[in-house]
Amino acid sequence: MSGVLGFVEHGPAGPERLSLEMLTVAAGDDGVEAVVVGQPGAGTSEQLCAFGVDRLHVIDHDLVGDYAPEAWAEGLRQLIATRDPEVVLAGGGEHGNEVMAHVAARLDEPLATNCVVLTPEGTGTDGWHLTRLRWGGILYEDAVLTSDRKLATIAPHVVEPVPSRAAAQVPVEAFAAELDPVLARTRVRDRTTRSAGVSLATAPVVVSGGRGVGSAEGFAVLEELAELVGGAVGCSRVVTNNGWRPHSDQVGQTGTRVAPDLYVACGISGATQHWVGCMNAKAILAINTDPEAPMVTRADYAVIGDVHEVLPALVEEVRSR
Ligand code: FAD
């Protein structure tokens, strides 16, 4: 048992940011191999090489075209049985955590999800010491992973994805997994709502609205601002509960975690469940009528006022520049 296997999620634009963050955490380890499910786009092998990957495995099969967590996990399990890596890592997004949970169950081995610190070296013989997010990110938990094989996912935005070496072609090998059709009984087609071509999870600016926006129509001005600054629109759970925006826009414990350069919180109170989704933003601007709202007291900048007045003025100002 040796080496690291990273489960890399990918789309038309190449590897997902979460996967590159995971590989950045693994950088420096010897013998890093990666696995993708479905044919990777052009340039993926070179890009992964820059992030420390020496060999890329491709699981391609009729059953894995759509997201089918059980089929993907069984493919991974078979690859793990063949390559016998000591460490298996994935990004701690929805798919990474779900697939790895199935992998762990199939291997009958423990899984540590949403790790923010992994200290494999110098931790004695009792195993890997790690810190992971619990309760949707409200709590940090120190734990020790004592199994021989270490299965873990890396919480989003723990590190900036940084290449560790020059890009070059690495060996790409097809892995012929044997999959039973029953494994694909749950298949999910991805539906990602994007604003101005920018995804919520990776947008440099997120313009987010809460109950204070007042209606679905009220989000038009947030969309306008987001488009002007190359950002994405987010929202609170009250907004998705009211049907003003789709769940894919929700930021928070049960939504997306974001870490933009700027998070603009419009009419959002800043409940803990929302805060854990945006607290990694480099700067927060709160627009709220209540100067005591938690979002206002924690924000780097605040405008105390009605979003229906402040946002149109902000849009006008940005347009004029
Ligand atoms: P409110 O708390 O009602 O706040 C509205 C804010 O708007 C207030 O601060 C008010 O002063 C301000 N305001 C009102 N009118 C205006 C105006 N005209 N101009 C400016 N400001 C104005 N919530 C999430 O967001 N994401 C999650 O992932 C999430 N997960 C949850 C999971 C669980 C298990 C539970 C129990 C709750 C979860 N919640 C989540 C809900 C969360 O607890 C809050 O209820 C929610 O975040 C509140 O949304 P809000 O800030 O839009 O509304």
Side-chain angles (χ1 to χ4, degrees), residues 18 92-98 113-114 116 132-141 155-157 191-193 195 199-203 205-226 231-260 262-281 284-318:
L18 272 179
E94 270 181 45
H95 289 184
N97 282 335
E98 184 174 27
T113 54
N114 294 316
V116 294
R132 59 178 175 162
L133 298 180
R134 299 300 302 272
W135 291 70
I138 298 168
L139 191 75
Y140 287 96
E141 180 184 80
H157 308 303
R191 275 165 289 172
T192 307
T193 308
S195 312
S199 86
L200 181 59
T202 57
V205 179
V206 174
V207 183
S208 206
R211 193 196 301 273
V213 173
S215 64
E217 296 70 36
F219 274 83
V221 66
L222 280 79
E223 281 175 2
E224 208 177 342
L225 181 58
V233 172
C235 68
S236 72
R237 180 153 136 178
V238 164
V239 169
T240 51
N241 282 351
N242 284 344
W244 299 346
R245 303 290 297 185
H247 181 263
S248 55
D249 282 359
Q250 186 177 311
V251 172
Q253 181 181 331
T254 45
T256 302
R257 279 155 206 276
V258 299
L262 177 65
Y263 188 73
V264 187
C266 311
I268 298 177
S269 61
T272 306
Q273 295 89 353
H274 186 86
W275 178 251
V276 295
C278 66
M279 65 185 184
N280 288 324
I284 295 179
L285 163 64
I287 303 171
N288 202 305
T289 46
D290 178 5
E292 302 300 327
M295 185 61 87
V296 173
T297 56
R298 288 165 161 173
D300 301 277
Y301 310 95
V303 177
I304 306 305
D306 188 330
V307 286
H308 303 105
E309 293 168 13
V310 177
L311 278 176
L314 193 55
V315 166
E316 201 176 315
E317 181 62 30
V318 174

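Along the sequence shown, the residues carry numbers beginning at 1. Remember, it's 1-based here, ligands and their atoms both numbered in the order they're listed. These numbers come from the heavy atoms of this one structure, side chains and all, not from hydrogens, waters or symmetry mates. The structure displayed is predicted, hence computed values, not measured ones.
Remark: ligand 1 atoms within the under-4.0 Å shell around heavy atoms of Thr289 are 11 (O), 13 (N), 16 (C), 17 (C), 19 (N), 20 (C), 21 (N), 22 (C). Those atoms of ligand 1 that come under 4.0 Å of a heavy atom in Asp306, given as number and element, are 17 (C), 18 (N), 19 (N). Taking every non-hydrogen atom of Thr254 and a distance limit under 4.0 Å, the qualifying atoms of ligand 1 come out as 27 (C), 28 (O), 29 (C), 30 (N), 31 (C), 32 (C). Within ligand 1, counting atoms from 1 as listed, the ones closer than 4.0 Å to a heavy atom of His274 are 24 (C), 25 (O), 47 (O). Distances below 4.0 Å separate heavy atoms of Gln253 from the following atoms of ligand 1: 27 (C), 28 (O).
The N/O atoms of Val251, backbone and side chain alike, include one that comes under 3.5 Å of an N/O atom in ligand 1. Taking any N or O of Gly267, backbone or side chain, at least one lies under 3.5 Å from an N or O belonging to ligand 1. Residue contacts with ligand 1: Val239 is placed with no nitrogen or oxygen under 3.5 Å of a nitrogen or oxygen of the ligand (distance criterion only).
Pairs engaging residues 271-281 under the side chain to side chain donor-acceptor pair (under 3.5 Å) rule: Tyr263-His274 [sequence neighbours left out].
Contacts with ligand 1 closer than 4.0 Å are made by side-chain heavy atoms of Ala271 only, the backbone lying farther away. Residue Gln250 touches ligand 1 through its side chain alone, judged by heavy-atom distances below 4.0 Å.
Remark: the backbone N or O of Ile284 is paired with a side-chain donor or acceptor of Asp300 at under 3.5 angstrom. No donor-acceptor distance shorter than 3.5 angstrom exists from the side chain of His157 to the backbone of Ala281, with no hydrogens or angles considered. Proximity of a side-chain donor or acceptor of Thr256 to a complementary backbone N or O of Val251 within less than 3.5 Å is not detected.
Other residues, nucleotides and ligands contribute more than 12 heavy atoms inside 6.0 Å of the CD atom of Glu141.
In this structure, CE on Met295 lies 10.5 Å from CG on Leu285, to the nearest 0.5 angstrom. Going from atom CG of Leu139 over to atom CG of Leu133 covers 9.0 Å, rounded to the nearest 0.5 Å.
Note on ligand 1: Gly255 sits in its first shell, one or more heavy atoms being nearer than 4.0 Å. Ligand 1 is approached by Gly305 to a heavy-atom distance shorter than 4.0 Å.
Of all non-hydrogen atoms in Ser269 and Pro294, the two that sit nearest each other are O-CD, 3.1 Å.
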